[in-house]
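Okay, structure first, notes after.
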Number of protein chains: 2
Amino acid sequence: MTVTLADVAARARVSPATVSRVLNGNYPVAASTRERVLRAVDDLDYVLNGPASSLAAATSDLVGILVNDIADPFFGIMAGAAQTEIGGPGDGSGRAGGEKLAVVCNTGGSPERELTYLTLLQRQRAAAVVLTGGAVEDPAHQAAVSAKLAKLADAGTRVVLCGRPPLPDGEAVVAALAFDNRGGGRRLTEHLLSLGHRRIGYVAGPLERTTTRHRLEGHREAMRAAGLVGDEERLTVHGPYDRRSGYDATLELLRREPEVTAVVAANDTVALGASAAVRDRGLRIPEDISVAGFDDLPFSVDAVPALTTVRLPLFEAGARAGRLAMGKETPPPGGIATIAAELMVRGSTAPPRV
Amino acid sequence: MTVTLADVAARARVSPATVSRVLNGNYPVAASTRERVLRAVDDLDYVLNGPASSLAAATSDLVGILVNDIADPFFGIMAGAAQTEIGGPGDGSGRAGGEKLAVVCNTGGSPERELTYLTLLQRQRAAAVVLTGGAVEDPAHQAAVSAKLAKLADAGTRVVLCGRPPLPDGEAVVAALAFDNRGGGRRLTEHLLSLGHRRIGYVAGPLERTTTRHRLEGHREAMRAAGLVGDEERLTVHGPYDRRSGYDATLELLRREPEVTAVVAANDTVALGASAAVRDRGLRIPEDISVAGFDDLPFSVDAVPALTTVRLPLFEAGARAGRLAMGKETPPPGGIATIAAELMVRGSTAPPRV
DNA sequence: TCCCGGATAGAAAGCGCTTGCTACGGCTGT
DNA sequence: ACAGCCGTAGCAAGCGCTTTCTATCCGGGA
């Protein structure tokens, strides 16, 4: 059989209550007693029964981090940073206490899975939940998520949004850290415009996501401000946030409008695919066509030529979200913070041929 | 207060036992009764209390997936695949049943964190644990991990290793899926040798990891077979599995031996850094120097020139590990399977200048 | 008509831990 | 010398669910 608290208590010749208190360190216990208990724990190789403990204490040390695609470094970086802050193991804190089990859950971008994970975390009475990445804009789903989050919140779970716009109906959450996707998108296109580009293709992400929409809106804002209107639909192709989609969409774009001098991709991964397509068509980057991405993932600087993109402080944002989830940092005023995006001009963009 | 089983029972005018049975679907309940219960559950928005349920049933639906670096697609891909198989939400199974909470835990490559996560999962009485990635070769740590896994195993947790060599002392695990890192490493170097390279630099991973050692051994095997011995130490530089390390190590390599005609990197990410270094030194790939990687991550085919590398079926392996963890697939004979690595020759390698 | 077995439902005993409250010395203050 | 405290430890009552065992209701065979 597995060892229980009672076994430890017996061996240390104290009551179970005392063992519990030693383990939790939240009640005065004489040093000598503590010593004895700790030795017994060691001798017996005792491991606390998590479920029992959570049940009795009505709390749990689970913290969930939801991501859309765990194979995408965009999410990996945020999740890793958050997990580090949440501490899980080895958070430096001497011993017990902040020891949380930070786990990441991969929704694969599916609204249903997102909801199911939230329910599962609710079941487990998670201490906190961090949702990363853009939300799906289906009203029904948004309502469902909001409701779920509200329920989680008033069951005591701390909810933090990271890289995700605030909930429409406000404050069911501890904090929302939103990236300035629109501003970044605008500045990126302004950069292209200032180089002299006029026919700019846009490879957008999946239609119904906030991230997609905001980046695209920023782009169009800039185009409109430059007086370039009318071609929006023709020069935009939607697709998933992956390399393949960037490749295909760019080919399509080039077919629709052979005169494009620049392609803006919804993110760096897509930009990689776009670059491949451009090259496969026998065109040079940036001499014939400029290519730009978004996110500034680590590999972007190593692309050839280095990718012009918009840097999002993913690590910092993830870490901050982690801290907020742990209550180690005070939320921004109003619970909402917008995180700036920084334009990174590199070799993949240049003035168009004359 | 939160809704409990008893509340649902009251509303459905049945006993708590019946509600439990409806929810678990493991006991005959009259259709009409079931209906009534389900409606009550819905009306009250009832969510099962996970800890209580786990405590009473002495089981849990948590499945842990340990990874070394969540921001690295190498792990992301495996973890994602495993998570999909484990089902977590939306595994297609009509309703309850296989509904497991698959979570990934990021050890950051630290042995202590690995151990702590295992303990935490043990606390939670995890249904299964999947360990991915190479192990650290410190004997003390290996012993500790083995002991932990043994304990987990006989507490009923299914343990699966994925991309990790079998435990030295044998069968504490359901199955071990090991990549043929040695064979892959050997074939990669043989390819270079067959192109005519003789002075080949090797940018290795961190010293004490099995993955690092096996790949390096494969490389040296090939070199030795070609009669190239003596320069091993001078032509090998160790460092972490990241881009930066590849960059620095390659610079160092070029300093030590300006005559190298090829650089083999421990993995694709490192190869990216290596390529950057080569270019920054004003050398062309592959005309002046060939560069090769390992893993065949998605971005490798988009590198310029496309990266010659060794393909590891990460997705398939992860999925299989997930299935094994769920008991959906029978383990390979002896519990050990070696997964083949396939050489992918692309543009980054070519014969050396004459 | 009576009895028995199958199909359902309920009662109740925990699962292993936490925690409010009580108990018990030995000190201090008067 | 006695009352009152502080510092510790134990008692015991749950936390919300699962599951064994028992009770009940029905229909059918004898």
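Letters A, B, ... are given to chains in the order of the sequence lines, protein chains preceding strands, and every chain is numbered from 1. Hydrogens, waters and symmetry mates play no part in the numbers below; they use all other heavy atoms, side chains included.
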Subject >> Any N/O donor-acceptor pair, B:R21 side-chain to C:dG10 base, under 3.5 Å >> reply: yes

Subject >> Polar pair under 3.5 Å, donor/acceptor by atom type, side chain B:Y27, base C:dA7 >> reply: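 A donor-acceptor contact between them is absent.
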
**OP:** Using the closest heavy atom to pick a nucleotide of DNA chain C for each, name whichever of B:A30 or B:A52 lands nearer the 5' end.
**Re:** B:A30

Original post:
Starting at the 5' end of DNA chain C and moving along, which residue's nearest nucleotide shows up first, B:A57 or B:A17?
Top reply: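 Result of the comparison: B:A17.
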
Expressed as a whole number of angstroms, how long is the span from [X]:[atom1] to [N]:[atom2]?
X: A:L5; N: C:dT19; atom1: CG; atom2: C1'; value: 13 Å
X: B:E35; N: C:dT8; atom1: CD; atom2: P; value: 15 Å
X: B:D7; N: D:dG16; atom1: CG; atom2: P; value: 9 Å
X: B:D61; N: D:dT18; atom1: CG; atom2: C1'; value: 15 Å
X: A:N24; N: C:dC17; atom1: CG; atom2: C1'; value: 9 Å
X: B:L23; N: D:dT19; atom1: CG; atom2: P; value: 13 Å
X: A:R13; N: D:dA9; atom1: CZ; atom2: P; value: 15 Å
X: B:R36; N: C:dT8; atom1: CZ; atom2: P; value: 14 Å

Original post:
To the nearest 10 degrees, what angle separates the axes at the start and end of the helix from C:dT1-D:dA30 to C:dT30-D:dA1, five pairs each?
Top reply: 50°

**OP:** Check the pair A:T18, A:S15 against side chain to side chain donor-acceptor pair (under 3.5 Å), reporting the backbone distance first and the verdict last.
**Re:** CA-CA 5 Å; A:T18 300; A:S15 72; 3.3 Å; yes

Original post:
Under 3.5 Å, side chain of A:D69 to main-chain N/O of A:A71, donor-acceptor pair present?
Top reply: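 Yes.
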
Subject >> Contact list for residues 140-165 of chain A, test salt bridge (Lys or Arg N to Asp or Glu O under 4.0 Å), sequence neighbours left out >> reply: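 Counting only pairs at least two positions apart or across chains, the salt bridge (Lys or Arg N to Asp or Glu O under 4.0 Å) contacts touching residues 140-165 of chain A are A:E114-A:R164, A:K151-B:D45.
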
Original post:
Can you list every salt bridge (Lys or Arg N to Asp or Glu O under 4.0 Å) pair that touches residues 10-22 of chain A, not counting sequence neighbours?
Top reply: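 Salt bridge (Lys or Arg N to Asp or Glu O under 4.0 Å) check on residues 10-22 of chain A returns A:R11-A:D43.
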
**OP:** Using a 4.0 Å heavy-atom cut-off across all strands, classify B:T33 as base, sugar-phosphate, or nothing.
**Re:** sugar-phosphate

**OP:** For B:V19, answer base if it contacts any base atom (sugar-phosphate contacts may also be present), sugar-phosphate if it contacts only those atoms, and nothing otherwise; contact means non-hydrogen atoms under 4.0 Å.
**Re:**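 Result for B:V19 = nothing.
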
Original post:
How long is the gap from CD on A:E329 to CD on A:E85, to the nearest 0.5 Å?
Top reply: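 So the CD of A:E329 and the CD of A:E85 are separated by 8.5 Å.
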
**OP:** Give, for atom CG of A:L115 and atom CD of A:Q122, the distance between the pair rounded to the nearest 0.5 Å.
**Re:** 10.0 Å

Original post:
Crowded around B:E316 CD? As in, over 12 foreign heavy atoms under 6.0 Å?
Top reply: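 Yes, enclosed.
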
On the nucleotide [N], are OP1 or OP2 found under 4.0 Å from the side-chain N or O atoms that [X] carries?
X: B:S53; N: D:dT18; result: yes
X: B:T18; N: C:dG10; result: yes
X: A:S15; N: D:dA9; result: no
X: B:S20; N: D:dT18; result: yes

**OP:** Report the nucleotide, chosen from D:dT19, D:dG16, C:dC17, that has the shortest atom-to-atom distance to any side-chain atom of B:N49.
**Re:**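 Among the listed nucleotides, the one closest to the side chain of B:N49 is D:dG16.
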
Please tabulate the protein-to-nucleotide N/O contacts below 3.5 Å involving nucleotides 4-7 of chain D, giving atom names and distances.
none

Tell me which donor-acceptor pairs under 3.5 Å the side chains of residues 127-139 of chain A have, and how far apart each pair is, sequence neighbours excluded?
{"residue": "A:T132", "atom": "OG1", "partner": "A:L66", "partner atom": "O", "Å": "2.7"}
{"residue": "A:E137", "atom": "OE1", "partner": "A:R213", "partner atom": "NE", "Å": "2.6"}
{"residue": "A:E137", "atom": "OE2", "partner": "A:R213", "partner atom": "NE", "Å": "3.2"}
{"residue": "A:E137", "atom": "OE2", "partner": "A:R213", "partner atom": "NH2", "Å": "2.7"}
{"residue": "A:D138", "atom": "OD2", "partner": "A:H141", "partner atom": "N", "Å": "3.2"}

Taking distance alone, no hydrogens or angles, what donor-acceptor pairs closer than 3.5 Å link side-chain atoms of residues 49-59 of chain B to residues at least two apart or in another chain?
{"residue": "B:N49", "atom": "OD1", "partner": "B:A52", "partner atom": "N", "Å": "3.0"}
{"residue": "B:S54", "atom": "OG", "partner": "B:G50", "partner atom": "O", "Å": "3.1"}
{"residue": "B:S54", "atom": "OG", "partner": "B:T59", "partner atom": "O", "Å": "3.2"}

Original post:
Taking side chain as C-beta onward, heavy atoms only, is B:I86 less than 4.5 Å from B:Q83?
Top reply: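 They are not in side-chain contact.
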
